[in-house]
A.B. asks: 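Before I ask anything, here is the structure I am working with.
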Amino acid sequence: MFRTPMPRLRQLRVVGVAAAGLLVASVLVAPPSQAQVTPQAAPATNTIPGVDEIVSSPNLKLVTNLPKVAPLDATNSDLAFQGKYAFAGNYNGFVVFDISRPSSPRVVSRVLCPGSQNDISVHGDLLFLSTDSSRSDDSCNSTAQGADVKESWEGIKIFDIRDKANPRYIKSVETACGSHTHTLVPGKDSKTVYLYVSSYSPRSTFPDCQPPHDSISIIKVPVKKPTSAAVVATPNLFPDGGFEGSETGSATTGCHDITAYPSKDLAAGACMGDGILMDIRNREAPRVINRVRDTTNFAFWHSATFNNAGTKVVFTDELGGGGAATCNEAVGPERGADAIYDITGRGDARKMIFRSYYKIPRTNADTENCVAHNGSLLPVLGRDIMVQAWYQGGISVWDFTDSANPKEIAYWERGPISNETMVGGGSWSAYYYNGHIYSNDIAKGFDVLKLRDWRTWTAELVRYKELNVQTQPRYLGW
């Protein structure tokens, strides 16, 4: 989220029988020659790069950048992937990239359809967009219109993407308080997918967004007949009320984002003032089985990532709403950070136990918006490693195998956009997909990076056919 003033089940492909044999034989040890020459992350320093200066650890390098182009020159947002394509959200619509050659991505199409944030996901021939800005209607020609007008529209837009060069808008579904984000959850069969729609900040003057709004909207989408998509449930996740708020922490008036782990029938919700663990065996009736709060250091529970075993979850705190400088000495290392929780117990007795915080170990300028944001797990055998966007704090790759002692193993960042004034920018989402890291930079465009590190080389053996990061896939591991 960048606030301004007012997977179908993923299919895993291990590359060849020989590669699978190599994977087992090698266990977690890289070839000696590789281990000797692969550079480590450079020591953290407090030296702030110059304007637009690129700095990084030796093991993470920029491959290429594609700048934004009008009319999709608004704020860049989230990413989704399918085969050789990347789909990049933008507050004015979305872009489809051909990434079959990661060193030379090619724009296949640009779709103009304003409506922040345009959070994005894909499933087969379908693409879903979240609209969380009140519009005059549900068309791509709509204009901004106040949420206090009953006829205003917010919610989900559905596109047919069989022809990637010509995506076709086919359906809209209005949801209460709009759709800030959504999470695609595959049904128990291949005929249906569900969208868990997260939204928040109700107001008594908003006809379609009344307080207390302790719920999410669940949209059922028949895959073969997506024009029949409709809201089928609005479960109340906080029947006893969410966090009431404090001087430093947001009150819970809905959820910001949900990450589902369909193969384990689990989901983790980042819900403003609360972090929740849900049982989603019944896709239309998710149940909260554990809830945690951090009233000392967390300001806004923003997103979540499971480890592959489903025994840990990382929550992010978006202190300052994505528009503030929080990676400085004044804020310190425990606010605007990640919080790592171990998941203990079984069934409804599962609980999340706090273990530690993680924050990038570099000081940013007071003109740089920087805070924990969207990231993904790397499909690494035997380790828990994720890549994460930190807005103008750049991109961090970090290891949380030891929940109590997370550590950064690679980083990359641009210097501030300005040394004089706060200008919003930086990496909104940084995700690992089929051998490369892809980042959607709010201001600078689409970045492709390459990580070369002995601790992550097994990820090179994993290929996904489709990836929506908030629909977390399971990969080969133990």
Side-chain angles (χ1 to χ4, degrees), residues 1 77-78 89 115-123 126-135 137-138 142 147 150-159 170-187 192-204 206-223 225-239 241-242 252-260 262 267-274 276 278-288 301-304 468 470-471:
M1 170 186 56
S77 58
D78 211 4
S116 68
Q117 302 182 128
N118 279 335
D119 190 55
I120 194 166
S121 67
V122 292
H123 179 85
L126 302 176
L127 179 147
F128 305 96
L129 278 185
S130 284
T131 299
D132 191 35
S133 58
S134 187
R135 312 295 296 179
D137 56 55
D138 64 351
S142 67
K150 173 62 178 174
E151 292 73 23
S152 294
W153 183 90
E154 300 177 74
I156 291 287
K157 299 185 179 91
I158 305 175
F159 290 78
I170 60 172
K171 173 71 174 179
S172 71
V173 181
E174 187 171 15
T175 55
C177 299
S179 175
H180 194 73
T181 65
H182 69 269
T183 302
L184 191 151
V185 184
T192 305
V193 295
Y194 293 92
L195 303 180
Y196 286 8
V197 176
S198 296
S199 57
Y200 55 92
S201 294
R203 191 177 299 176
S204 60
F206 295 166
D208 299 321
C209 185
Q210 291 287 299
H213 190 62
D214 290 328
S215 61
I216 60 173
S217 295
I218 299 179
I219 297 174
K220 183 178 183 178
V221 184
V223 173
K225 196 177 179 182
T227 53
S228 297
V231 174
V232 294
T234 54
N236 186 345
L237 302 181
F238 303 99
T252 299
T253 59
C255 290
H256 177 273
D257 209 346
I258 293 169
T259 291
C271 302
M272 304 180 70
D274 292 275
I276 59 175
M278 291 185 285
D279 181 313
I280 60 169
R281 282 176 292 182
N282 183 341
R283 300 293 198 245
E284 297 184 15
R287 294 186 301 109
V288 176
W301 295 69
H302 176 275
S303 52
N468 303 296
Q470 287 76 33
T471 312

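By convention here, the first residue in the shown sequence is residue 1. Quantities reported herein were computed from a predicted structural model and do not represent experimental measurements.
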A.B. asks: Quick check: do Gln470 and His182 have side-chain heavy atoms less than 4.5 Å from each other?
C.D. replies: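 They are not in side-chain contact.
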A.B. asks: Looking at side-chain heavy atoms only, is the closest gap between Ser179 and Ser199 below 4.5 Å?
C.D. replies: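 They are not in contact (no side-chain heavy atoms under 4.5 Å apart), so the answer is no.
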A.B. asks: Drop me the distance from His302's NE2 to Cys255's SG, to the nearest 0.5 angstrom.
C.D. replies: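 Rounded to the nearest 0.5 Å, the NE2-SG separation comes out at 12.5 Å.
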A.B. asks: Between atom CG of Asp208 and atom SG of Cys177, what is the distance when rounded to the nearest 0.5 Å?
C.D. replies: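 Reported to 0.5 Å precision, the distance equals 8.5 Å.
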A.B. asks: Can you find a heavy atom in the side chain of Asn468 that is under 4.5 Å from one in the side chain of Val122?
C.D. replies: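 Side-chain contact under 4.5 Å: yes.
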A.B. asks: List the residues meeting side-chain contact (heavy atoms from CB on, under 4.5 Å) with Glu284, not counting sequence neighbours, and say none if there are none.
C.D. replies: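 Testing Glu284 for side-chain contact (heavy atoms from CB on, under 4.5 Å), a comparison that skips the adjacent residues, returns Tyr194, Lys220, Val232, Asn282.
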A.B. asks: Walk me through whether Ser130 and Ile156 qualify under side chain to side chain contact (heavy atoms under 4.5 Å, CB included).
C.D. replies: CA-CA 5 Å; Ser130 284; Ile156 291 287; 3.7 Å; yes
A.B. asks: Taking only residues two or more places apart in sequence, or in another chain, which ones meet Phe128 in a ring pair (Phe, Tyr, Trp, His ring centres under 6.0 Å)?
C.D. replies: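 Residues passing ring pair (Phe, Tyr, Trp, His ring centres under 6.0 Å) with Phe128: none at all.
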A.B. asks: Quick one: do Trp153 and Asp137 satisfy side chain to side chain contact (heavy atoms under 4.5 Å, CB included)? Show the steps, please.
C.D. replies: CA-CA 5 Å; Trp153 183 90; Asp137 56 55; 5.5 Å; no
A.B. asks: Can you name the closest pair of heavy atoms from Ile158 and Ala229 and give their distance?
C.D. replies: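 The pair with the smallest heavy-atom distance is CD1-CB, 3.8 Å.
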A.B. asks: Side chains of Val197 and Ile216: does their closest heavy-atom pair fall under 4.5 Å?
C.D. replies: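 No, too far: nothing below the 4.5 Å cut-off.
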A.B. asks: Is Thr181 reaching over with its side chain to a backbone N or O of His256, donor-acceptor style, under 3.5 angstrom?
C.D. replies: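 Judged by distance alone, yes, a pair lies under 3.5 Å.
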A.B. asks: For side chain to side chain contact (heavy atoms under 4.5 Å, CB included), just list the numbers for Leu195 and Leu184, CA-CA rounded to whole Å, side-chain angles, deciding distance to a tenth of an Å, and then say yes or no.
C.D. replies: CA-CA 5 Å; Leu195 303 180; Leu184 191 151; 4.2 Å; yes
A.B. asks: Roughly how far, to the nearest 0.5 Å, is CD1 of Ile218 from CD1 of Ile280?
C.D. replies: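 Going from the CD1 atom of Ile280 to the CD1 atom of Ile218 covers 9.5 Å.
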A.B. asks: Yes or no on side chain to side chain contact (heavy atoms under 4.5 Å, CB included) for Ile170 and Leu126, after CA distance, side-chain angles and deciding distance?
C.D. replies: CA-CA 10 Å; Ile170 60 172; Leu126 302 176; 4.2 Å; yes
A.B. asks: Ignoring hydrogens and angles, tell me if any N or O in the side chain of Tyr196 forms a donor-acceptor pair with the backbone of Arg283 under 3.5 Å.
C.D. replies: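 Checked: pair present.
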A.B. asks: Once you round to the nearest 0.5 Å, how far does CG of Asn118 lie from OG1 of Thr131?
C.D. replies: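 So the CG of Asn118 and the OG1 of Thr131 are separated by 5.5 Å.
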A.B. asks: Looking at Ser303 and Asp257, would you say the former's side chain and the latter's main chain have a donor-acceptor pair under 3.5 Å?
C.D. replies: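 A pair under 3.5 Å: no.
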A.B. asks: State, to 0.1 Å, how close Ser217 and Thr234 come at their nearest heavy-atom pair, and which atoms those are.
C.D. replies: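 That would be OG-CG2, 4.0 Å.
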A.B. asks: If you measure only the distance, is there a donor-acceptor pair under 3.5 Å linking the side chains of Ser172 and Asp138?
C.D. replies: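 Result is yes, a qualifying pair exists.
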A.B. asks: Could you report the tightest heavy-atom contact between Gly242 and Thr252, atom names first, then the distance?
C.D. replies: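 That closest heavy-atom pairing would be CA-CB, 3.8 Å.
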A.B. asks: Would you mind reporting whether Ile276 and Trp301 have side-chain heavy atoms less than 4.5 Å apart?
C.D. replies: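 A side-chain contact under 4.5 Å is absent here.
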A.B. asks: Check whether any side-chain heavy atom of His123 sits under 4.5 Å from a side-chain heavy atom of Val223, and report yes or no.
C.D. replies: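 Yes, their side chains come closer than 4.5 Å.
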A.B. asks: Considering only heavy atoms from C-beta outward, does the side chain of Cys271 approach that of Phe238 to under 4.5 Å?
C.D. replies: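 When only atoms from C-beta onward are counted, Phe238 and Cys271 do touch, with a gap below 4.5 Å.
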A.B. asks: For the pair Ser77 (side chain) and Gln117 (backbone), establish whether a donor and an acceptor sit closer than 3.5 Å, ignoring hydrogens and angles.
C.D. replies: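 Between the backbone of Gln117 and the side chain of Ser77 there is a qualifying donor-acceptor contact (under 3.5 Å).
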A.B. asks: Would you name the heavy atoms of Pro211 and Ser204 that are closest together and state the gap between them?
C.D. replies: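 Heavy atoms of Pro211 and Ser204 come nearest at CD-N, 3.8 Å.
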A.B. asks: Determine whether Glu154 and Thr175 make a side-chain contact, defined as any pair of heavy atoms from C-beta on separated by less than 4.5 Å.
C.D. replies: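 No, every pair of side-chain atoms sits at 4.5 Å or beyond.
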A.B. asks: Could you tell me whether a side-chain N or O of Ser134 sits under 3.5 Å from a main-chain N or O of Ser152, the two making a donor and an acceptor?
C.D. replies: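 Flag not set: sc Ser134 to bb Ser152 has no pair under 3.5 Å.
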